Trainee: 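To start, I am sharing the structure in question, which I have written as structure tokens.
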Amino acid sequence: MYARSGLLSQRSCSSHGRECATPVLAAQRRNNSTATKIAVEFDQSTGVAVMRLQGPPVNSLSLDFLTELCINVEKLEMDKNCRGLILTSSQPKVFSAGLDIMEIYGKSPERCGEFWRAVQEMWLKLYGSSMVTIAAINGSSPAGGCLMSMTCDYRIMADNPRYSIGLNETQLGIVAPFW
Ligand SMILES: CCCCCCCC/C=C\CC(=O)SCCNC(=O)CCNC(=O)[C@H](O)C(C)(C)COP(=O)(O)OP(=O)(O)OC[C@H]1O[C@@H](n2cnc3c(N)ncnc32)[C@H](O)[C@@H]1OP(=O)(O)O
């Protein structure tokens, strides 16, 4: 069983003969908060990992959150024993509120660029994963939350009329950049 994120070993990697930053170092660079927003449990006997989103109050996708999520997906991806990933929420009534609005309001173009790259990295990692990915949507999942679940192979949503899902970001005046 994996404990929590942030516990990646300080591995180094090599690309075209050059040393490159390890994921854990990238996280340390970006992550100012010590609180863990992602919890992963890996069951060796089934080869299935459950990733619980636990960023209060509503799992909004901040730069820290996205970084931690990507590192954890990457870590599972590297584990040959892990065949499946279930993504779900620990927060009541909400799977994910989508992008953290505060990350895209009043920020510099550089910071916005860094943030949107992290958004792109998140959906590319999930969409391109070699694991079977399932979103267990146990609450509302607007905009970026919907995007996150759409990049999984399968989606199952709790049957509750109070939960909503969909792409509502244009109502907020947010236009996704060209990718
Ligand atoms: C191939 C690629 C294609 C790509 C296409 C898509 C690209 C664009 C993708 C995404 C864009 C976005 O994600 S923009 C964000 C859109 N999100 C929303 O509009 C969600 C708004 N929130 C809600 O609807 C509700 O909060 C909720 C249904 C998620 C939960 O409702 P609930 O009643 O349980 O909780 P509150 O509303 O009281 O909220 C609690 C608390 O959380 C704050 N909050 C909510 N959402 C966000 C958010 N997205 N970012 C930051 N903060 C958020 C809310 O303000 C409350 O804070 P306070 O307690 O301090 O008031």
Side-chain angles (χ1 to χ4, degrees), residues 4-6 23 26-27 29-40 50-74 76-77 85-179:
R4 300 239 162 134
S5 68
R29 235 186 355 259
R30 284 200 215 154
N31 200 337
N32 297 321
S33 148
T34 50
T36 300
K37 297 181 173 67
I38 311 286
V40 180
V50 178
M51 187 176 284
R52 292 180 204 283
L53 312 178
Q54 50 177 34
V58 288
N59 289 328
S60 58
L61 306 175
S62 63
L63 186 55
D64 284 351
F65 192 104
L66 291 165
T67 301
E68 212 177 307
L69 193 145
C70 284
I71 288 171
N72 278 287
V73 172
E74 210 167 83
L76 294 169
E77 199 73 61
L85 170 62
I86 298 172
L87 208 57
T88 193
S89 168
S90 290
Q91 304 307 122
K93 301 183 292 178
V94 181
F95 178 74
S96 167
L99 304 191
D100 189 328
I101 305 283
M102 301 317 289
E103 293 279 14
I104 37 185
Y105 177 75
K107 294 287 192 292
S108 69
E110 292 74 24
R111 170 77 189 196
C112 284
E114 187 183 9
F115 178 67
W116 278 108
R117 277 191 295 279
V119 175
Q120 186 180 21
E121 195 182 343
M122 175 272 289
W123 73 258
L124 282 174
K125 277 215 185 323
L126 286 172
Y127 191 63
S129 173
S130 57
M131 299 178 283
V132 175
T133 52
I134 301 170
I137 309 164
N138 51 348
S140 290
S141 195
C146 178
L147 167 67
M148 187 160 52
S149 62
M150 295 280 287
T151 59
C152 291
D153 298 317
Y154 299 95
R155 282 149 296 285
I156 301 165
M157 186 163 181
D159 187 10
N160 186 324
R162 293 186 181 189
Y163 298 164
S164 61
I165 186 166
L167 295 173
N168 69 328
E169 71 279 354
T170 47
Q171 290 168 343
L172 302 174
I174 295 170
V175 181
F178 290 109
W179 281 318

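Predicted, not measured: the structure shown is a model, and the values here were computed from it. Both ligands and their constituent atoms are indexed starting at 1 by order of listing.
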Trainee: May I ask you to list the atoms of ligand 1 that are less than 4.0 angstrom from any heavy atom of Pro57?
Mentor: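 Once the distances to Pro57 are compared, the set is 41 (C), 42 (O).
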Trainee: Examine the proximity of ligand 1 to Leu172 and report which part, side chain or backbone, both or neither, has a heavy atom under 4.0 Å away.
Mentor: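 Under 4.0 Å from ligand 1, Leu172 contributes side-chain atoms alone.
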Trainee: Looking at Ala143, which atoms of ligand 1 are within less than 4.0 Å of one of its heavy atoms?
Mentor: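 Counting from 1, the qualifying ligand atoms are 10 (C), 11 (C), 12 (C), 13 (O), 16 (C).
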Trainee: Which of the atoms of ligand 1 are close to Gly98, meaning less than 4.0 Å from one of its heavy atoms?
Mentor: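 Those qualifying, in numeric order: 13 (O).
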Trainee: Output yes when a side-chain donor or acceptor of Thr67 lies under 3.5 Å from a complementary backbone atom of Leu63, and no otherwise.
Mentor: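 Yes, Thr67 side chain to Leu63 backbone: donor-acceptor pair under 3.5 Å.
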Trainee: What are the two closest heavy atoms between Phe115 and Leu66, and how far apart are they?
Mentor: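 Nearest pair, atom of Phe115 first, then Leu66: CE1-CD1, 3.8 Å.
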Trainee: Just so I know, are the side chains of Val50 and Val40 near enough to count as touching, which here means a heavy-atom distance under 4.5 Å?
Mentor: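 Not touching, per the 4.5 Å side-chain cut-off.
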Trainee: Pick whichever of Val58, Ile174, Leu124, Leu147 has a heavy atom sitting closest to atom 43 (C) of ligand 1.
Mentor: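 Looking at heavy atoms only, Val58 sits closest to atom 43 (C) of ligand 1.
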Trainee: Could you tell me which atoms of ligand 1, counted from 1 in the order shown, lie closer than 4.0 angstrom to a heavy atom of Pro142?
Mentor: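 The atoms of ligand 1 under 4.0 Å from a heavy atom of Pro142 are 20 (C).
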Trainee: Check whether any N or O atom of Asn168, backbone or side chain, sits under 3.5 Å from an N or O atom of ligand 1, and answer yes or no.
Mentor: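 Yes; at least one N/O pair falls below 3.5 Å.
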Trainee: Distance-only, no hydrogens or angles: does the Thr36 side chain make a donor-acceptor pair with backbone N or O of Ile38 under 3.5 Å?
Mentor: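 Flag not set: sc Thr36 to bb Ile38 has no pair under 3.5 Å.
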Trainee: Could you pull out all residues at least two apart from Glu103 that satisfy salt bridge (charged side-chain N to carboxylate O under 4.0 Å, His left out)?
Mentor: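 Here the qualifying residues are Arg111.
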Trainee: Determine whether a donor-acceptor pair (N or O, by modelled atom type, separation under 3.5 Å) exists between the side chain of Ser96 and the backbone of Asn59.
Mentor: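 Between the backbone of Asn59 and the side chain of Ser96 there is a qualifying donor-acceptor contact (under 3.5 Å).
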Trainee: Nearest non-hydrogen atom to atom 49 (N) of ligand 1 belongs to which of Asp100, Thr151, Leu167, Leu99?
Mentor: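 Among Asp100, Thr151, Leu167, Leu99, the closest heavy atom to atom 49 (N) of ligand 1 belongs to Leu99.
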Trainee: Suppose we screen for side chain to side chain donor-acceptor pair (under 3.5 Å). Which residues come up paired with Ser62, at least two apart in sequence or across chains?
Mentor: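 Result, side chain to side chain donor-acceptor pair (under 3.5 Å) vs Ser62: none returned.
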Trainee: Counting heavy atoms only, which of Gly145, Ala97, Pro56, Ser164 is nearest atom 29 (C) of ligand 1?
Mentor: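 It is Ala97 that holds the nearest heavy atom.
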Trainee: Could you tell me, atom by atom, which parts of ligand 1 come under 4.0 Å of a heavy atom of Val94?
Mentor: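 Per the distance check, 30 (C).
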